[in-house]
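Written out below as structure tokens is the structure these notes cover.
Remember, it's 1-based here, ligands and their atoms both numbered in the order they're listed. Values below: all heavy atoms of this structure, side chains included; hydrogens, waters and symmetry mates excluded. It should be emphasised that the depicted structure is a prediction, and the values quoted were computed from it without experimental measurement.
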Amino acid sequence: MEKIIIHGGKKLKGKVSISGAKNSILELIPAALLTKEEVVLTNVPNLKDVKTFVQLISELGAQIDWDLESNTMRIKTPEITNTKASYDIVKTMRASVYVLGPLLGRARSAKVSFPGGCVIGSRPIDVHLRAMEALGADIQIKHGYIIGNAPIDSNGEKRLIGSTIDGKVREQDGIVITTHGGTVNAIMAAVLANGKTVIKNASLEPEVDDLMGMLNKMGAKIKRDINKKGVPLIIIEGVKELHGCEHSVMPDRLEAGTYAIAAAITKGKIRIQNTDTSKMGVFLDKLKDAGIVFEDKGSELIVDGSKSYAKGTNIKVEPYPGFPTDMQSQFMTLMTVAEGQSKIEEPIFENRLMYVSEFQRMGAKIKIVDKNRATFKGVDKLTAADVMASDLRAGASLVLAGLVAEGETIVHRSYHISRGYVGFVDNLKKLGADIKYSYEKPCL
Ligand code: EPU
């Protein structure tokens with residue numbers, strides 16, 4: 001088992017280059033299944049989840065050539081030779097369910113293992129399935145698998161039929177929670193459907209725009225709109241077939257945000273390069289409110305912790321363009337050592353405050369108010385401890401805490417981090433952190 005060992009106290013300084021976004025590439029790879037021609041992806045991040053997805057689509061008939069030197073991936077799927085995504089793969093990565101839409105769209109049938117819950121919440125896929133049904137698919141759940149078949153359309157062809165889909169999951173604390181993944185699956189199913197599809201309450205996350213951009217290059221007809229009541233829409237005119245294209249994966253806004261916190265918390269100065277700050281709006285606003293000094297140059301973000309005095313700041317997580325759920329644990333890590341009080345509300349994933357107990361082991365003063373709310377009182381110093389990463393973002397946050405804790409912090413189950421951060425430990429080391437990997441034998 002992999003663990004990360006950190007001796008806190010170093011101010012991080014230097015440059016770091018941001019990779020392609022994990023949550024984009026995991027959509028773009030299955031979207032490549034929608035054409036028999038070659039799709040060339042550049043700025044592909046070398047992540048564990050990407051390797052898992054490559055294995056999955058190769059089992060479905062894709063031929064993949066991934067050049068790790070140039071971060072370029074070529075995907076060609078002359079034919080879908082298998083429509084089954086097995087439990088063995090889907091259980092390791094929830095995003096595997098993204099093959100459902102492309103399989104139903106192109107192969108007109110699919111058998112995809114039902115993904116389970118995960119540590120950040122139960123994460124149902126009811127909206128994904130409702131979307132496929134709205135497009136006319138017959139969906140059955142049998143022996144742990146989603147079995148889907150496209151209907152017969154007005155031309156007597158087995159093909160999905162354009163329709164209206166609602167991406168709303170629920171309303172909570174006055175906000176409409178939409179689904180990112182459900183929107184993605186619906187788009188990928190609808191692009192090859194017969195007729196027009198309107199997705200109401202569509203996710204506004206920029207990674208969805210990255211997917212739409214690539215599909216439009218492939219010949220799809222997709223656009224965003226907004227109705228009279230202000231509800232965000234995605235409108236798709238179905239086409240007969242798609243062709244190949246070349247597409248560069250957007251920069252990872254969550255990776256960039258994590259390094260911004262690393263600079264702020266260690267009182268160092270980091271130049272975060274190859275990023276796109278226009279996708280980081282509310283996070284940057286909150287960073288400013290918290291007293292962190294930075295220079296926003298669009299493709300570069302320079303965060304100067306040496307000139308900053310972090311102060312308590314409240315955040316409420318919301319779907320994009322609100323404060324991202326994937327940045328709340330990193331931001332709150334900064335709040336554990338900021339002056340004064342902070343509050344956090346996390347209405348999107350019910351278990352995403354699970355990390356709190358690990359921070360309490362390091363001396364953080366955090367009180368869980370209820371499942372979705374916590375209050376923080378900044379302390380002068382965190383103290384190092386053995387802690388456990390429960391998921392990707394909580395794991396990265398524990399590393400951030402270790403960077404300023406007094407003594408030796410050991411982050412166990414750190415394999416979660418390599419699912420979403422390219423070379424995290426190496427990058428932090430280059431920036432001056434005292435950090436290394438260590439491997440221990442699992443308990444038998
Ligand atoms: N939900 C339902 N039914 C559905 C779909 C979602 O109830 O059919 C609920 C979820 O349980 C959650 C809320 O809707 O309460 C929002 O979930 P969403 O579907 O938007 O999340 P996701 O698509 O499963 C993606 C990212 C997550 C990120 C969320 C929100 C990928 C691979 N994953 O998940 O990323 O937190 O959107 O932005 O894109 C991460 O990167 O660490 C991560 C977990």
Side-chain angles (χ1 to χ4, degrees), residues 19-31 45 47-50 52-53 90 92-101 114-134 139 146 165-173 175-188 199 201-211 249-250 252-255 257-258 279 282-283 317-330 346-352 354-355 371-372 389-397 416-421:
S19 301
K22 168 186 85 89
N23 291 347
S24 255
I25 187 72
L26 297 182
E27 304 166 359
L28 302 175
I29 292 175
L47 296 169
K48 207 159 119 204
D49 276 6
V50 178
T52 309
F53 227 127
V90 177
T92 66
M93 188 183 61
R94 289 186 53 82
S96 317
V97 79
Y98 287 165
V99 296
L100 182 63
F114 206 91
C118 78
V119 75
I120 62 173
S122 61
R123 302 182 80 178
I125 53 159
D126 53 319
V127 183
H128 299 235
L129 301 186
R130 275 211 308 271
M132 302 306 141
E133 284 173 336
I139 299 287
I146 305 153
I165 292 170
D166 195 344
K168 177 164 143 185
V169 172
R170 60 180 181 271
E171 256 182 83
Q172 195 171 328
D173 306 331
I175 55 167
V176 174
I177 311 274
T178 54
T179 160
H180 175 153
T183 303
V184 163
N185 238 336
I187 293 172
M188 293 193 290
I199 307 174
N201 292 303
S203 164
L204 292 166
E205 298 217 337
E207 293 77 11
V208 175
D209 291 277
D210 206 24
L211 171 71
V249 183
M250 68 174 273
D252 197 313
R253 63 195 165 107
L254 308 166
E255 188 191 15
T258 304
K279 309 290 188 296
V282 174
F283 168 74
V317 164
E318 289 187 12
Y320 193 88
F323 192 95
T325 175
D326 294 335
M327 277 308 298
Q328 63 93 343
S329 60
Q330 302 91 313
E346 163 60 83
I348 296 192
F349 291 113
E350 67 267 28
N351 293 336
R352 229 178 186 180
M354 263 183 61
Y355 64 85
K371 232 178 169 189
N372 294 121
S390 51
D391 76 278
L392 158 61
R393 306 298 168 191
S397 301
H416 286 295
I417 300 172
S418 43
R419 293 186 60 182
Y421 290 90

Item to check | Side-chain ion pair, Arg253 and Glu207, N-O less than 4.0 Å | outcome: yes
Under 3.5 Å, side chain of [X] to main-chain N/O of [Y], donor-acceptor pair present?
X	Y	value
Gln328	Arg352	yes
Asp252	Lys22	yes
Ser329	Ser397	no

Would you mind running through ligand 1 and noting each atom that sits below 4.0 Å from a heavy atom of [X]?
X	answer
Leu392	42 (O)
Lys22	40 (C), 41 (O)
Gly181	19 (O), 23 (O)
Arg170	15 (O)
His128	8 (O)
Ile125	4 (C), 8 (O)
Thr178	16 (C), 20 (O)

Checklist entry - Does ligand 1 have a heavy atom under 4.0 Å from the side chain of Glu350, from its backbone, from both, or from neither? => result neither
Checklist entry - Can you find a side-chain donor-acceptor pair between Thr258 and Tyr421 that sits under 3.5 Å? => result yes
Next on the checklist: Taking a cutoff of less than 4.0 Å between a non-hydrogen atom of the residue and any ligand atom, is Tyr320 in contact with ligand 1?
Outcome noted: no
Checklist entry - Is the shortest distance from a heavy atom of Asp391 to ligand 1 less than 4.0 Å? => result no
Item to check | side chain to side chain contact (heavy atoms under 4.5 Å, CB included) between Arg130 and Ile165, worked out | outcome: CA-CA 8 Å; Arg130 275 211 308 271; Ile165 292 170; over 6 Å; no
Taking the side chain as everything from C-beta on, heavy atoms only, tell me whether [X] gets closer than 4.5 Å to [Y].
X	Y	answer
Glu255	Pro45	no
Leu204	Thr178	no
Leu28	Phe53	no
Met327	Leu254	yes

On a heavy-atom basis, I'd like to know which of [options] is closest to [atom].
atom	options	value
atom 31 (C) of ligand 1	Val317, Ile348, Asn23	Asn23
atom 44 (C) of ligand 1	Arg352, Glu207, Arg393	Arg352
atom 34 (O) of ligand 1	Arg123, His180, Arg94	Arg123

Give me the residue, atom name and distance of the protein heavy atom closest to [atom].
atom	answer
atom 13 (C) of ligand 1	Ile177 CG2, 3.8 Å
atom 14 (O) of ligand 1	Val169 CG2, 3.4 Å
atom 10 (C) of ligand 1	Phe349 CE2, 4.0 Å
atom 36 (O) of ligand 1	Asp326 OD1, 2.6 Å
atom 19 (O) of ligand 1	Thr179 OG1, 2.7 Å
atom 8 (O) of ligand 1	Val127 N, 2.8 Å
atom 38 (O) of ligand 1	Glu205 OE2, 2.8 Å
atom 5 (C) of ligand 1	Pro124 O, 3.3 Å

Checklist entry - N/O of Asp126 under 3.5 Å from N/O of ligand 1, yes or no? => result yes
Next on the checklist: When you compare ligand 1 with Ala95, is there at least one nitrogen or oxygen pair between them that comes in under 3.5 angstrom?
Outcome noted: no
Can you give me the closest heavy-atom contact between [X] and [Y], atom names plus distance?
X	Y	result
His416	Ser390	NE2-O, 3.5 Å
Met132	Asn185	CE-O, 3.4 Å
Asp210	Ser24	OD2-OG, 2.8 Å

Checklist entry - Hey, what's the ring geometry for Phe323 with Phe283, parallel, tilted or perpendicular (30° and 60° as the breaks)? => result tilted
